[in-house]
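Heavy-atom basis, side chains included; hydrogens, waters and symmetry copies ignored. So that the names make sense, note that chain A is the first sequence line, chain B the second, and so on, each numbered from 1.
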There are 4 protein chains.
Amino acid sequence: MSKKKDIMDATLALIHEEGLQSVTFSKLFKRAGVGSGTIYNYFANKEELVNAVYKDARMLMGEYLLRDFDPQASLYERFKRLQLNRLNFGIDFPMEFLFIDSYSFSPYISSELRNMDDARNSGEVILSLIVEGQKQGIIKEMDSHLCHQLIHGIISSILKGLYIEKYPMNETQVQQVLEASWKAILV
Amino acid sequence: MSKKKDIMDATLALIHEEGLQSVTFSKLFKRAGVGSGTIYNYFANKEELVNAVYKDARMLMGEYLLRDFDPQASLYERFKRLQLNRLNFGIDFPMEFLFIDSYSFSPYISSELRNMDDARNSGEVILSLIVEGQKQGIIKEMDSHLCHQLIHGIISSILKGLYIEKYPMNETQVQQVLEASWKAILV
Amino acid sequence: MSKKKDIMDATLALIHEEGLQSVTFSKLFKRAGVGSGTIYNYFANKEELVNAVYKDARMLMGEYLLRDFDPQASLYERFKRLQLNRLNFGIDFPMEFLFIDSYSFSPYISSELRNMDDARNSGEVILSLIVEGQKQGIIKEMDSHLCHQLIHGIISSILKGLYIEKYPMNETQVQQVLEASWKAILV
Amino acid sequence: MSKKKDIMDATLALIHEEGLQSVTFSKLFKRAGVGSGTIYNYFANKEELVNAVYKDARMLMGEYLLRDFDPQASLYERFKRLQLNRLNFGIDFPMEFLFIDSYSFSPYISSELRNMDDARNSGEVILSLIVEGQKQGIIKEMDSHLCHQLIHGIISSILKGLYIEKYPMNETQVQQVLEASWKAILV
DNA sequence: TATGAATGAGTTTTCATTCAT
DNA sequence: TATGAATGAAAACTCATTCAT
């Protein structure tokens, strides 16, 4: 099991450092510290390996997005929790976040995987929250997917700026981002 | 010059269709309708070709972003113009937009190019507009780069949802997006 | 190890038959009976391969030159032994001899390798012998390197004539050549 | 005519600097300062060009070898003249000398050219001189081609040592070399 | 399971040669 | 004659995958 983990970790790190297109098996073997044949005990081929790494990242993110999510909390509290979780996921797991963000639409990732439900179906949770807010007249009427994409996009973009150290990110900035994304969709 | 253009067009189209990692030279030659050696009259290698395509796309976008931009217009009008131009660029040039968005942070693109100033320095224009708005007490006080990233990210994200046909995009939606991005950064 | 040897043997043979400039990898693979990628497990590129072959040839020659060399023998005996060994090396290993002779000054061979000491430093042995003979008043006073080059050149030249069958080479001729090279440098 | 000369000069210089196997047409065109198609007005292909350069070098050498050769002079004088001319040719025309020496047996050079008579048939002159010396009992009895090869080889070898600056070469050394080659073949 | 030498299909790259101007 | 962009066959090289140990 350890070898499998080593291989997957090395894969993610190399994709992060050099991009999927320049991850070769020989780099991978050296990085993971395994023999070149070992991978085939775990993965039928390179595509399967990359998809497995992708799936793990998606599962981890799905788990993370609903941490400390309290369905009983106020709409605003729930919204902030979801947005904060997404932001924190990106901060804590930059490699996973960027891999998902960059390659979700790559032909390398199978479409079933791309469209998979997250661990606890966080996608649905967010959409319902949006619809609920619109019913209450708090959130502006618009296509719920558009709205979802909008608030999701803010977090993604902010994270990418953060990764290249365009700006600092401490409690102040975090609150500014959360508020901005909330205000963006209010009526 | 025509052959060079053919090669660059084919490159962009193939990257769009199959992703950078699966763009091979033989696909490229067939698509561009040139002989296999021709590319080396213009580009020393694949990386140089891709970087040239990237540079052209960036120049085109830089040009586009300041179309019909009236420095005398109101802050809100100028803001909307910039956001609308970005959105329209993405709608009119999906291949260019996605290429820039996907590969700007890829190690394949040289860092000089990634950090290049746009044609008419649209980046500076947006930043000044933000600072101006903050001085006037209209735009919320925050790191101007953070603010820039935020409104930029909304457009990018919306475009990516549009490309996979998550939602329609007509005049109504366009206005919703522009308003959302404006509200996001108001005090 | 065997594959590496096969590749190096095939390289030497091909260089001998067709010259360095017409040794292509596909000829090499067929000749060596290995797959086309195998060479890259041992040599990073063609230049490295050729240099390795050169180094081996030089080591073999260095070994050969001091065969049966008796430091206690008379000056003349030692001289004849060295010259005979060089001649016999060229007769027994024509490919190695010609490769060394032809490419030692080619830009293809790295200068470190060109200037490498032979296995048992036969170069030094010959130079000391010359100096010793000069001290004893037997060998004519002249630059010892010039003297070395002179007697070396006689053997090389004779071998090249032999290879194209310009003349026979049996015991009589061998003795004539050894004597000629000895007389050339006497006072 | 000037373009043709430019091309041939550039060819010889490049062969000297980098070896025949790395002389490409594009290097050649840049060096000669002509367009890439121009060569085909003068030479059908690369091989013909190289052979033309070889032929010119051989003609030049043939001419040079018999300079100031006086058929009436003493055997020793005639011998020294021939050897001195060869040595001086190598000193004055190192590129030509090395090209001839290195590539005479390359498959690139046509065999007719390789076996061509020198301008004034210097080969025959030397052979007759040897035979004459042997008849007079001055030069040792041996195969005349072997003898020729022997004295020729001394000069070649000395020149190659000179090119890599193994030793100086002024009047003293020149005389030493001529004497050595004479003594080598005396009875 | 784990290994890594060997493989060869596929990809990149070179470069002599052609040809329209 | 002179040019140099275009060519494509051939050469160099890569790298995922196999397989004997």
Under a 4.0 Å N-O cut-off, is there an ion pair linking [X] with [Y]?
{"X": "E17(A)", "Y": "K27(A)", "answer": "no"}
{"X": "E96(D)", "Y": "R58(D)", "answer": "no"}
{"X": "D101(A)", "Y": "K160(A)", "answer": "yes"}

Round to a whole Å and report the spacing from [atom1] of [X] to [atom2] of [N].
{"X": "E48(B)", "N": "dT12(E)", "atom1": "CD", "atom2": "P", "answer": "15 Å"}
{"X": "L49(C)", "N": "dC13(F)", "atom1": "CG", "atom2": "P", "answer": "11 Å"}
{"X": "F43(B)", "N": "dT12(E)", "atom1": "CZ", "atom2": "P", "answer": "15 Å"}
{"X": "K46(A)", "N": "dT17(F)", "atom1": "NZ", "atom2": "P", "answer": "8 Å"}
{"X": "E47(A)", "N": "dC15(F)", "atom1": "CD", "atom2": "P", "answer": "18 Å"}
{"X": "K3(C)", "N": "dA20(F)", "atom1": "NZ", "atom2": "P", "answer": "13 Å"}
{"X": "I39(D)", "N": "dA2(F)", "atom1": "CD1", "atom2": "P", "answer": "13 Å"}

Answer yes if the ring centres of Y54(D) and Y108(D) are under 6.0 angstrom apart, and no otherwise.
no
For F93(C) together with Y64(C), are the ring centres under 6.0 Å from each other?
yes
Could you check S36(D) against G33(C) and say which one's nearest nucleotide on DNA chain E is further toward the 5' end?
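Its nearest nucleotide being more 5', the pick is G33(C).
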Please figure out whether T38(C) or G37(B) has its closest DNA chain E nucleotide nearer the 5' end.
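Its nearest nucleotide lies further toward 5', so the answer is T38(C).
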Side chain of K3(C), backbone of N41(C): donor and acceptor closer than 3.5 Å?
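Checking the backbone N and O of N41(C) against the side chain of K3(C), no donor-acceptor pair under 3.5 Å is found.
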Side chain of N41(A), heavy atoms from C-beta onward: which of dT7(F), dT3(E), dT13(E) has the nearest atom to it?
dT3(E)
Note: for Y40(C) and N45(A) on DNA chain F, the residue whose nearest nucleotide lies more 5' is Y40(C)
Residues of residues 12-32 of chain A with any non-hydrogen atom less than 4.0 angstrom from an atom of DNA chain E: list those, numerically ordered, please.
none
Would you please classify the geometry between the F25(C) ring and the Y40(C) ring as parallel, tilted or perpendicular, with 30° and 60° separating the classes?
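Taking F25(C) first and then Y40(C), their aromatic rings sit tilted (interplane angle of 30° to 60°).
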side-chain contact (heavy atoms from CB on, under 4.5 Å) with D56(A): which of M61(A), M8(A), K5(A)?
M8(A)
L98(B) side chain reached by P94(B) side chain, heavy atoms, under 4.5 Å:
no
Check whether any side-chain N or O of K4(B) sits under 4.0 Å from OP1 or OP2 of dA5(F), and answer yes or no.
no
Can you tell me which stems DNA chain E forms when a stem means 3 or more consecutive Watson-Crick or G-U pairs under 3.5 Å?
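For DNA chain E the paired stretches long enough to count as stems (3 pairs minimum) are E:2-21 with F:2-21.
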